[in-house]
A.B. asks: 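I am attaching a structure below and will ask some questions about it afterwards.
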There are 2 protein chains.
Amino acid sequence: MKEVLRKVKDASRVTATLNGEIKRKILKEMAEALEQNSSLIINENKKDLKYANENNLSAALIDRLYLDEKRIGSMADALRDIATLKDPVGRVIDGWMLDNGLRIEKVKIPIGVIGIIYESRPNVTSDAAGLCFMSGNACILKGGKEAMYSNIAIINVLRDVLERNSLPKDAVSLLPDYSREGVYKLIQEDKYVDLIIPRGGEKLIKFVSENSKVPVVKHDKGLCHIYIHKDANIDEAVKISVNAKVQRPGVCNAVETLLVDESVKNEILPKLKAEMEKEGVELRGCEKTLEVIDINKATEEDWNTEYLDKILSIKVVRDLNEAIEHIQTYGSGHSDSIITENYSASEEFLNRVDSACVYVNASTRFTDGGEFGFGAEVGISTNKLHARGPMGIDDLTTYKYKIYGNGQIRE
Amino acid sequence: MKEVLRKVKDASRVTATLNGEIKRKILKEMAEALEQNSSLIINENKKDLKYANENNLSAALIDRLYLDEKRIGSMADALRDIATLKDPVGRVIDGWMLDNGLRIEKVKIPIGVIGIIYESRPNVTSDAAGLCFMSGNACILKGGKEAMYSNIAIINVLRDVLERNSLPKDAVSLLPDYSREGVYKLIQEDKYVDLIIPRGGEKLIKFVSENSKVPVVKHDKGLCHIYIHKDANIDEAVKISVNAKVQRPGVCNAVETLLVDESVKNEILPKLKAEMEKEGVELRGCEKTLEVIDINKATEEDWNTEYLDKILSIKVVRDLNEAIEHIQTYGSGHSDSIITENYSASEEFLNRVDSACVYVNASTRFTDGGEFGFGAEVGISTNKLHARGPMGIDDLTTYKYKIYGNGQIRE
């Protein structure tokens with residue numbers, strides 16, 4: 001594996017110096033090559049599907065694996081979209097002159113080699129490769145074993161485009177080892193790999209975080225809250241809460257717990273119950289909630305649970321302070337929203353709640369690279385350092401200082 | 001320990017919301033309190049010195065431990081300097097409006113709880129506490145066991161000032177456990193600690209990097225190069241090389257290897273030898289160097305060695321490309337400089353050498369927070385992510401997105 005990673009590192013020194021024009025040209029050629037080779041990719045995909053059927057993998061998993069002309073077209077379009085993004089490399093983010101005449105520039109550069117570990121969807125292979133390439137990085141990708149044939153076919157199409165353009169094909173590489181042991185080896189190689197992004201289940205993320213010597217930017221759980229303040233517009237509060245729960249319940253930016261100010265509980269809880277039940281949401285409430293509406297009782301465990309489903313827990317709180325304390329105790333630092341028309345309450349919530357995204361009067365569902373206008377999304381970071389919240393290709397860069405002198409020495 | 005860390009975390013929620021005026025006031029009071037309590041601190045320091053003498057610690061270590069009125073005065077002045085820095089918290093670093101009217105602000109905020117692990121100098125205790133406090137963070141400090149009495153005395157003076165101002169004294173805390181096991185426990189607590197900064201020997205940094213679940217910003221080795229290009233101003237090249245080696249040989253930004261372009265070796269090597277020997281520098285050269293000047297022979301190990309001493313290795317290289325390849329192979333990504341009057345060569349060096357600081361025509365010794373104008377220095381990061389190169393208090397912050405809506409839901 002060391003030999004593979006060494007080649008990816010060498011390739012990263014080349015991709016780091018490519019200008020935007022070349023990178024866009026290559027991405028467009030990669031898109032075209034995917035479409036031209038779609039029957040080849042579909043044939044390889046059939047081998048994965050055969051294995052999946054033989055091993056009784058779930059229908060949902062098989063659907064995620066499945067590729068046809070249309071899905072390959074979408075992969076190609078995603079690469080074309082990435083080719084339209086602003087190149088983050090070379091942007092001067094700060095600069096100043098020292099008294100002695102030294103001129104300092106702080107400049108965005110690629111990170112180097114990015115390892116991305118993901119599961120069954122084969123389209124992640126081309127998306128991740130495209131994002132890394134556009135930001136000047138080389139990548140080493142570890143897809144799921146169940147998508148092995150598809151991933152190899154896809155990556156070879158992309159590598160052929162690089163080779164045809166006299167660029168190192170190793171800039172876009174698959175990890176040759178599909179075992180957990182292979183992942184372990186990869187995340188030890190801090191000499192060759194500069195960043196690991198695990199995208200997948202809780203177990204994978206935990207394993208990578210605990211064992212990696214390479215820095216990790218993880219996409220962990222989202223236990224999001226909406227606090228309905230005493231000065232909330234009640235209809236707006238109901239509308240936003242329903243949207244944040246049901247528009248797509250299985251994602252990390254969906255709301256899991258509603259905090260309702262005591263002074264509006266009688267007014268809002270019956271309305272909420274009616275609207276949520278219309279959408280098939282199961283409600284679980286604290287004792288004070290149960291005094292107003294007849295729903296299931298929430299336990300301590302509910303406050304800690306990311307349901308990722310049409311279930312919502314409701315807690316009545318005394319005031320803003322209790323709401324913030326609840327979020328500090330049970331929240332995951334992802335996305336939390338306050339519904340209020342009160343200026344001071346909104347300011348205090350925005351300042352004191354330490355989450356990647358804090359909202360006033362809006363659904364938590366907007367925490368998303370696409371919604372933020374980043375174009376293609378790398379993921380949503382639950383890290384506090386390097387990148388926080390929605391990640392665009394800008395977050396696949398670091399910086400260096402360029403220092404221009406004319407003979408300066410230190411006295 | 002969990003209980004101590006929980007208190008520090010709670011305190012961090014208070015420090016995060018303090019405005020600059022209060023933080024500056026507290027820092028100035030802390031400075032005054034250190035001076036007023038100097039005899040108490042000196043008395044406690046005597047216990048550490050007694051232990052050090054009884055245990056035959058080295059004279060250099062005892063000097064680093066030693067405190068008197070003057071040294072305590074310097075510690076106080078350092079806090080006063082920190083109080084003059086620009087508050088990084090609250091700075092809006094980006095902001096835009098979405099089509100749906102959502103207004104997004106990307107705002108600098110404190111990181112939270114910062115763990116700093118260091119060795120004998122007791123002044124680091126007040127410096128680190130001051131830097132963390134000014135940037136809105138709480139800190140948990142782990143000093144050397146040999147400075148235990150001094151550190152406890154210093155920290156208690158600082159904590160008294162916080163308490164007197166009705167602020168949580170746990171914002172500035174010492175780790176109660178001085179063992180390696182204590183460090184191990186600290187770096188597992190990613191629920192309470194947001195960042196670990198190890199400042200110390202290679203063994204400590206390796207231990208922390210390999211075992212920490214908390215993100216680490218490390219200050220690792222600096223194996224710095226100067227490449228003397230064929231179009232260098234020779235006198236300037238000699239002057240810069242001597243400065244980078246001898247002005248302070250024991251630090252990470254001193255040069256360790258000189259790369260000399262083949263076409264200027266006959267002209268420059270004798271001059272270099274004369275000047276370096278005047279300064280008592282031992283030279284070790286590659287075979288081609290030895291053809292020109294009579295010095296010791298360098299081995300493969302020399303290219304990998306951070307001497308931190310008056311020793312310099314010299315290698316003759318064919319061209320810019322070989323110089324860059326040598327730096328990519330042996331460098332530590334810290335600071336590297338090219339001496340040239342050639343525009344294209346300087347551009348290629350600045351772009352291709354992937355170090356935190358890349359120089360043209362200047363000494364590598366300028367890689368330093370003070371020199372960069374950051375005021376007080378947190379350290380020099382050898383990480384590639386979060387913070388790279390000289391770190392000021394700006395690098396003790398992260399960011400959050402504040403999102404202002406008026407009822408937006410996701411369609």
Side-chain angles (χ1 to χ4, degrees), chain A residues 13 16-17 96 98 102 104 109 111-112 190 194-195 209-210 213 215 217 233 236 239-240 242-244 247-248 328 337 346 350-352 354-363 365-367 371-373 383-386 388-390 398-411, chain B residues 13 16-17 96 98 102 104 109 111-112 190 194-195 209-210 213 215 217 233 236 239-240 242-244 247-248 328 337 346 350-352 354-363 365-367 371-373 383-386 388-390 398-411:
Chain A
R13 303 200 197 279
T17 61
W96 64 97
L98 300 185
L102 273 184
I104 302 180
I109 58 162
I111 289 172
D190 55 351
D194 298 293
L195 172 64
S209 302
E210 289 184 359
K213 282 193 202 163
V217 170
N233 173 325
E236 196 172 280
K239 190 185 70 173
I240 289 172
V242 172
N243 180 263
Q247 198 256 347
R248 206 172 156 200
Q328 283 171 348
S337 184
S346 71
L350 289 174
N351 289 326
R352 284 182 56 200
D354 180 23
S355 298
C357 296
V358 281
Y359 290 84
V360 187
N361 295 337
S363 168
R365 288 277 295 114
F366 290 102
T367 300
E371 294 293 322
F372 268 44
N383 275 46
K384 233 171 158 178
L385 299 185
H386 180 64
R388 222 182 162 206
T398 177
Y399 59 83
K400 68 161 91 162
Y401 291 103
K402 293 183 177 179
I403 301 135
Y404 300 81
N406 50 6
Q408 282 82 355
I409 57 170
R410 194 152 159 196
E411 309 294 345
Chain B
R13 303 198 196 279
T17 61
W96 63 97
L98 300 185
L102 273 185
I104 301 180
I109 59 162
I111 290 172
D190 55 351
D194 298 294
L195 172 65
S209 303
E210 290 185 358
K213 281 191 203 163
V217 170
N233 173 324
E236 197 172 280
K239 191 185 72 174
I240 289 172
V242 171
N243 179 263
Q247 199 255 349
R248 206 173 158 199
Q328 284 172 347
S337 185
S346 71
L350 290 173
N351 288 327
R352 283 183 56 199
D354 179 24
S355 298
C357 297
V358 281
Y359 292 83
V360 187
N361 294 337
S363 168
R365 288 277 295 112
F366 290 102
T367 300
E371 294 292 323
F372 267 44
N383 275 45
K384 231 169 159 179
L385 298 186
H386 181 63
R388 226 185 159 201
T398 176
Y399 59 83
K400 68 162 90 160
Y401 291 102
K402 294 183 177 178
I403 301 135
Y404 300 82
N406 51 7
Q408 282 81 356
I409 58 170
R410 194 151 160 197
E411 309 296 343

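We name chains A, B, ... by the order of the sequence lines, and we start the count at 1 in each one. Here the structure is a predicted model, which is why all the values come from computation and not from measurement.
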A.B. asks: Please check if any side-chain donor atom of Arg365(B) sits under 3.5 Å from a side-chain acceptor atom of Gln247(B), or the reverse.
C.D. replies: yes

A.B. asks: Which atoms of Glu411(A) are under 4.5 Å from chain B, going by heavy atoms: the side chain, the backbone, both sets, or neither?
C.D. replies: backbone

A.B. asks: Can you name the side-chain hydrogen bond (donor to acceptor under 3.5 Å, both in side chains) partners of Asp354(B), sequence neighbours left out?
C.D. replies: Lys384(B), Arg388(B)

A.B. asks: Identify which part of Ile409(B) has an atom lying under 4.5 Å from any heavy atom of chain A, answering side chain, backbone, both or neither.
C.D. replies: both

A.B. asks: Could you look at Ile104(A) and say if it's the side chain, the backbone, both or neither that has a heavy atom under 4.5 Å from chain B?
C.D. replies: side chain

A.B. asks: Against chain A, label Ser346(B) side chain, backbone, both or neither, depending on which of its atoms sit under 4.5 Å from a heavy atom there.
C.D. replies: neither

A.B. asks: Please rank Lys213(B), Lys402(B), Arg352(B), Lys239(B) by heavy-atom pairs under 4.5 Å with chain A and give me the top one.
C.D. replies: Lys402(B)

A.B. asks: Picking from Leu102(B), Thr398(B), Leu350(B), which has the most non-hydrogen pairs under 4.5 angstrom with chain A?
C.D. replies: Leu350(B)

A.B. asks: With chain A, which of Asn406(B), Thr17(B), Leu195(B) has the greatest number of heavy-atom pairs at distances under 4.5 Å?
C.D. replies: Asn406(B)

A.B. asks: Taking only residues two or more places apart in sequence, or in another chain, which ones meet Ser363(B) in a side-chain hydrogen bond (donor to acceptor under 3.5 Å, both in side chains)?
C.D. replies: Asn243(B)

A.B. asks: State, to 0.1 Å, how close Pro215(B) and Asp194(B) come at their nearest heavy-atom pair, and which atoms those are.
C.D. replies: CD-O, 3.6 Å

A.B. asks: Quick check on Ala16(A) against chain B: is it the side chain, the backbone, both or neither that has a heavy atom closer than 4.5 Å?
C.D. replies: neither

A.B. asks: Please classify the contact of Leu98(A) with chain B as side chain, backbone, both or neither, using a heavy-atom distance under 4.5 Å.
C.D. replies: side chain

A.B. asks: Do you know which of Gly373(B), Gly389(B), Cys357(B) has the most heavy-atom pairs with chain A at a distance under 4.5 angstrom?
C.D. replies: Cys357(B)

